[in-house]
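Here the structure comes first, spelled out in structure tokens, and everything after it is commentary.
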Amino acid sequence: MTIRVWDYLLEYENERDDILDAVDSVFRSGQLVFGASMRAFEEEFAAYHGVRHGIGVDNGTNAIKLALQALGIGPGDEVITVSNTAAPTVVAIDAVGATAVFVDVHPDTYLMDTEQVAAAVTDRTRALLPVHLYGQCADLTALEPIAARHGLALLEDCAQAHGARHHGRVAGSTGDAAAFSFYPTKVLGAYGDGGAVLTRDDEVAARLRRLRYYGMADRYYVVQTPGHNSRLDEVHAEILRRKLRRLDGYVAARQAVARRYVEALADTELVLPVTAEGNTHVHYVYVVRHPQRDAILEALREQDIALNISYPWPVHTMSGFAHLGVARGSLPVTEALAEEIFSLPVYPSLPADQQDRVIEALRDALLKV
Ligand SMILES: *Cc1c(COP(=O)(O)O)cnc(C)c1O
């Protein structure tokens with residue numbers, strides 16, 4: 001049996017009654033889009049984070065895009081972010097006509113190197129977009145004063161960090177806005193696409209509600225501002241409501257899997273994930289590092305273990321971002337990482353025997369490379 005880095009089928013088996021009940025309750029409600037489940041989820045998701053407004057949207061990319069627009073960011077503006085991220089972070093910056101400006105990442109945590117941020121600020125910079133990559137927060141404590149000093153918006157990309165904490169503050173509760181994805185693999189995942197934006201700001205929230213609904217205020221039929229259709233549908237909202245109640249349990253299960261890797265692999269040459277001081281890591285992806293990465297992955301493939309790399313190509317090296325004009329060699333930590341990292345399975349329902357097989361195969365491969 002092939003071991004994959006992520007699989008939802010066991011979780012579905014465990015939660016099937018609740019998931020099917022969620023689907024059935026929506027189908028029987030008479031309202032498939034823009035109904036009670038979306039509104040309830042928005043409130044419950046915002047309450048979980050202690051933030052005033054939650055706005056459900058159709059996916060995480062649009063969550064970032066609409067948040068940027070609602071914060072007033074558009075053509076001619078610069079947004080400081082990282083190249084070591086899932087491409088959608090930068091796709092969204094591009095989509096509003098703004099320009100992504102990259103800083104390198106920290107060599108231990110692989111997160112935004114906040115010491116490089118101040119030097120990247122120009123008179124066109126309008127926002128900081130840290131990515132809470134792999135399941136832990138970028139250094140928000142360092143970013144907040146930089147944003148305040150230069151009058152920049154702080155937008156958190158929380159697509160990989162549901163439930164993560166930074167000095168006690170839950171991811172998504174610090175910035176002017178925070179964008180979440182509920183893509184199925186995520187720590188809080190739907191059974192399809194979904195996303196949300198959180199914000200404390202009433203005006204930003206009102207703009208977001210119009211932007212995701214043709215430019216109309218909810219329930220009225222007049223376009224008030226330019227908008228689009230980016231709604232979170234009822235089925236996913238209701239499933240997410242049910243799963244939100246289990247979020248802390250999913251996180252605990254991921255942390256238990258991560259602890260087992262530390263116990264079993266700390267004495268090897270693999271570089272294991274480093275949790276930054278003050279952070280609680282939710283282990284969305286368990287990223288390890290080794291100079292012989294490709295040979296190790298090949299050896300694992302022979303054992304029917306199919307792992308992947310998050311991410312093999314830094315965003316600035318992709319042909320689709322050539323227009324940003326960021327040369328190879330300009331982000332040395334990010335570029336070196338991409339050659340050496342790979343991800344171990346860490347999802348909550350990962351069977352213990354599969355984890356044992358991964359550990360055994362890895363230890364075996366490490367003796368041979
Ligand atoms: C998944 C992800 C996104 C995009 O979310 P989608 O729901 O797939 O559009 C954005 N940023 C990061 C860091 C992600 O991991």
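Atoms within each ligand, like the ligands themselves, are counted from 1 in listed order.
- Nearest protein heavy-atom contact of atom 2 (C) of ligand 1 is Lys186 NZ, 2.8 Å.
- Defined by atom type and a distance below 3.5 Å, a donor-acceptor pair is present between the side-chain atoms of Ser37 and Glu238.
- Taking only nitrogen or oxygen atoms, main chain and side chain alike, Thr85 does not reach within less than 3.5 Å of ligand 1.
- In summary, the atoms of ligand 1 found under 4.0 Å from a heavy atom of Ala86, numbered by their order in the structure, are 12 (C), 13 (C), 14 (C), 15 (O).
- Under a 4.0 Å criterion applied to the non-hydrogen atoms of Asn59, ligand 1 contributes the atoms 7 (O), 9 (O).
- Counting non-hydrogen atoms of neighbouring residues, nucleotides and ligands closer than 6.0 angstrom, the OH atom of Tyr183 reaches no more than 12 such neighbours.
- Nearest protein heavy-atom neighbour of atom 13 (C) of ligand 1: Asp157 OD2, 3.4 Å.
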What verdict does the side-chain contact (heavy atoms from CB on, under 4.5 Å) test give for Thr2 and Ile305, after you've listed the backbone C-alpha separation in whole Å, the side-chain angles of each residue and the deciding distance to 0.1 Å? CA-CA 6 Å; Thr2 305; Ile305 298 171; over 6 Å; no
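- Taking the six-membered ring where tryptophan is involved, the planes of Phe45 and Phe180 are perpendicular, since the angle between them exceeds 60° and thus also 30°.
- Close approach of ligand 1 to Ser181 (heavy-atom distance below 4.0 Å) involves ligand atoms 1 (C), 5 (O), 6 (P), 7 (O).
- Contact atoms of ligand 1 toward Thr89: 11 (N), 13 (C) (distance under 4.0 Å to a heavy atom of the residue).
- Note: no N/O pair closer than 3.5 Å links Asp193 and ligand 1 by distance alone.
- Electrostatic pairing of Arg200 and Asp176 does not count as a salt bridge here, judged by no charged N lying under 4.0 Å from a carboxylate O.
- For the residue pair His166/Asn279, the side-chain donor-acceptor check at 3.5 Å is satisfied.
- From the protein, the heavy atom lying nearest to atom 9 (O) of ligand 1 is Thr61 OG1, 2.5 Å.
- Note on ring orientation: taking the six-membered ring where Trp is involved, the planes of His316 and Phe102 are tilted (angle from 30° to 60°).
- Using a non-hydrogen distance threshold of 4.0 Å, His132 does not register as a contact of ligand 1.
- With a 4.0 Å cut-off on non-hydrogen atoms, Val131 touches ligand 1 through its side chain and not its backbone.
- In this structure, atom 12 (C) of ligand 1 lies nearest to the protein heavy atom Ala159 CB, 3.4 Å.
- When the options Tyr284, Tyr347, Tyr8 are evaluated for a side-chain hydrogen bond (donor to acceptor under 3.5 Å, both in side chains) with Thr185, the one that passes is Tyr284.
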